[in-house]
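Within every chain, numbering begins at 1; the chains are lettered A, B, ... in the order of the sequence lines, protein sequences first and strands thereafter.
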Number of protein chains: 2
Amino acid sequence: MASDDQPVPVFPKPVTLRDVAARAGVSVATASKALNDQGRMTAETRERIRETARSLGFRPNSLAQSLLRRRSFTVGLLTNDTYGRFSLPLMSGISDALVDAGVSVFLCNVEEDPRLGQLHVEAMLDKRVDGIIATGKRIDRHLPVDLSNLRVPVIYAFTQPDPDAVAFVSDDGGGARLAIEHFRRLGRKRIAHVTGPASFAVVHERAQAYRAVLTENGLPVIEPLLGAWSEAWGHDAVAKLFDGNGEKPDAVFCGNDQIARGVIDALRERGLGVPNDVGVIGFDNWEIVAEATRPPLTSVDMNLAALGREAGLTLLSLVGGKSAAPGIRKLPCRLVVRQSCGRPPDG
Amino acid sequence: MASDDQPVPVFPKPVTLRDVAARAGVSVATASKALNDQGRMTAETRERIRETARSLGFRPNSLAQSLLRRRSFTVGLLTNDTYGRFSLPLMSGISDALVDAGVSVFLCNVEEDPRLGQLHVEAMLDKRVDGIIATGKRIDRHLPVDLSNLRVPVIYAFTQPDPDAVAFVSDDGGGARLAIEHFRRLGRKRIAHVTGPASFAVVHERAQAYRAVLTENGLPVIEPLLGAWSEAWGHDAVAKLFDGNGEKPDAVFCGNDQIARGVIDALRERGLGVPNDVGVIGFDNWEIVAEATRPPLTSVDMNLAALGREAGLTLLSLVGGKSAAPGIRKLPCRLVVRQSCGRPPDG
DNA sequence: CTTAGCTGGGAAAAGGTTTTCCCTTATCGG
DNA sequence: CCGATAAGGGAAAACCTTTTCCCAGCTAAG
């Protein structure tokens, strides 16, 4: 009585199926059936109910549906990639694959904190997610959580904790091949490889592909230079490659775009032109870096969005009760050609 | 009969409160009360029920709780920041503020697609999110969706669609002040400003602060150079600033870290040393860029995680029925000092 | 011994939807 | 006109939890 005027904004009560039914003069059962194309009734009744629902702005309460169907139409995405460089493109692909099925995605960044990971996983399970997708920064950089023996299906993207898990990763060996073959086709003869630390599995996988392609083609193999994933390392590596007395490389395949950036800067400092004197290819195709490089950097793209799509669709089929063979699925990379290797294809 | 052996993994049925109650020999009502510290019963009964729940691994079904409480303990985060450079730190802050309240976050990237935006917002509302946080790439870069008159509270972070909305943004003017004051304290006299396009509100806000601080201190104002948010523009801007005949700047305040990067590279090409000849400060403190710059870049950090925290907490109080004054809340930036201005504070 | 009051615990409704089963009425063939 | 059948629609259970009563039994005061 004292205060009819609330300053707090009051939100209207959602309209329920019951409201629709009452307004249309039928039972909730009939209303439900009308809206879901179930049961039998005259076309007019069905249409009348639908029209009523429309005019009232009825939207079924997903919580009630989920409770009954034992499916929440949500999935969880776990990541520890703070800046989202990998996980966001992945997320886009996943979301893209799932949005049409009406599935939404909980994103949880667990950093490297097992406690936080545990907390988020429990929150997801309590919310009855239909499944979980776990990503890492790299295939052998796992999340600080144990997801085995959960009550829901789990899919790994860009990481693989154990051989029995269902995992989608990029074919890094294939990506390396793509790069080296590209150099070869352009006539490059002495191709070097500057990459990240030995502690990463992909470093070895790519190095192996690098050696294989060169050997297959009778080109000299320069022992890959392992270092950090940084620009600074790219810079230093150029010193090792170009400051000696031996024959100099005419191409450098880099483990990521930042290394490539450092390599290009260092080459410029030595008066070597890219792409004329030396061709450079990066990895990751991190557009914001690759495009800003001078010249714009040709780079191997891991197709993360596509990878996310596949992971999303597979999770969906798992949720639907189908089974999926355990193990790794490698998805192909693609080469994005810019101007750091010379002779772009169309021009 | 024909096939007892399913190859599909079968997930165990979740244990319900009913199971706990049956096992403990009480009614579900009593079981519920025992677990929620409600109602009256002997301490032994309560403990027995709790022990039973523990041993059975009971976790309450969040969907059922939500249905009853009319709160889903989820919020939606809308963004159009594909690479997540801004939205991921924001997300971390939000998540951090909400996880203790048991709230999970749906992340939706709507790109620039109104249809996708609509789709995601409807999915969120159907899932009965308790509220929505909308972010943009910049304060005047809005999402392609209309969030007014929704059934749930909405908070904007890093963007503000209209003056009546509740919005949290960084204090870009204050950030600019921080940078210029820093230069001034270090004794820089001719401070230039190279920034983004005129179409961004923050460009003007920062430029105004830039002019104000210089004027207050009797230092010369060099008309800010507006261009793109790119390295290339930073590069070009140096030509405009340093290739003429007039007196040269001894400091450049840049609109983002990429511009700063371009500026530093261009200065180096002209034989000008950073920080000795020219000091440089960036904006955004995008660590992966700022730290890789040579020398490492001093940069204004927008405290996005803190901003996300505030936004999250405010949304929570709004959901709790409290009200929040409409309008913008500006949160302070901070200056992260590295080596691009000379004389770091401690050493 | 009666009655008020407390204690421990349970029955049932509520939340919103879907689905199964049942009932009523109309239609049709004979 | 009778019985069978189909058509249209409704009642109620189910999903799982919380919360509001309510009841039975006991204690203590009068």
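- A heavy atom lying under 4.0 Å from DNA chain D marks the following residues of residues 35-50 of chain A, by number: A/Arg40, A/Met41, A/Thr42, A/Thr45.
- Rounded to whole Å, the distance from CG on B/Asp19 to P on D/dC15 is 11 Å.
- Distance A/Leu63 CG to C/dT18 P: 13 Å, rounded to the nearest Å.
- Picking from C/dT17, D/dT17, C/dG16 the nucleotide with the shortest atom distance to the side chain of B/Asn61 gives D/dT17.
- Between A/Arg309 and the choices A/Asn303, A/Asp96, A/Thr314, the side chain to side chain donor-acceptor pair (under 3.5 Å) rule is met once, by A/Asp96.
- Contact annotation: A/Ser27 reaches the phosphate of D/dG10 (side-chain N/O to OP1 or OP2, under 4.0 Å).
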According to the Watson-Crick and G-U wobble definition with distances under 3.5 Å, which dot-bracket string, read 5' to 3', encodes DNA chain D, using [ ] for crossing pairs and | for pairs with another strand? ||||||||||||||||||||||||||||||

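- The distance from atom CG of B/Leu17 to atom C1' of C/dG9 is 14 Å, rounded to the nearest whole Å.
- Counting only distance, with no hydrogens or angles, the side chain of A/Asp113 and the backbone of A/Val110 share no donor-acceptor pair below 3.5 Å.
- Summarising the geometry, the separation between CG on A/Leu67 and C1' on D/dT18 is reported as 13 Å, rounded to the nearest angstrom.
- Rounded to whole Å, the distance from CZ on B/Arg71 to P on D/dT17 is 19 Å.
- A sub-4.0 Å separation between OP1 or OP2 of C/dT18 and a side-chain N or O of A/Gln65 is present.
- The local environment of CZ in B/Arg23 is sparse, with at most 12 non-hydrogen atoms from other residues, nucleotides or ligands closer than 6.0 Å.
- Across the protein-nucleic acid pair, B/Arg18 atom CZ and C/dG10 atom P stand 14 Å apart, rounded to whole Å.
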Check against side-chain contact (heavy atoms from CB on, under 4.5 Å), A/Leu78 and A/Met124: CA-CA 10 Å; A/Leu78 287 167; A/Met124 285 177 170; 4.0 Å; yes

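- You'll find that the side chain of A/Ala64 is closest to C/dT17, out of C/dT17, D/dT17, D/dA11.
- In this entry the distance linking NZ of B/Lys33 with P of D/dC22 reads 14 Å, nearest Å.
- Below 30°, between 30° and 60°, or above 60°: for A/Phe86 and A/Phe158 the angle between ring planes is between 30° and 60°, a tilted geometry.
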Using the rule given for side-chain hydrogen bond (donor to acceptor under 3.5 Å, both in side chains), can you reason through B/Thr74 versus B/Lys127, listing the C-alpha separation, both sets of side-chain angles and the distance that settles it, and then say yes or no? CA-CA 9 Å; B/Thr74 60; B/Lys127 297 217 164 72; over 6 Å; no

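- The main-chain N or O of A/Asp130 is never found under 3.5 Å from a side-chain atom of A/Arg71 such that the two would form a donor-acceptor pair.
- When each of A/Lys13 and A/Ser32 is assigned the nucleotide of DNA chain C bearing its nearest heavy atom, the one mapping closer to the 5' terminus is A/Lys13.
- Spacing between atom CG of B/Leu68 and atom C1' of D/dT18 amounts to 5 Å, rounded to whole angstrom units.
- Ionic pairing of B/Arg48 and B/Glu51 is not present here: no N-O contact between side-chain nitrogen and carboxylate oxygen is shorter than 4.0 angstrom.
- Proximity of a side-chain donor or acceptor of B/Ser72 to a complementary backbone N or O of B/Arg128 within less than 3.5 Å is detected.
- Taking only side-chain atoms of B/Thr16, from C-beta outward, the nucleotide of C/dT17, C/dG16, D/dT17 with the closest atom is D/dT17.
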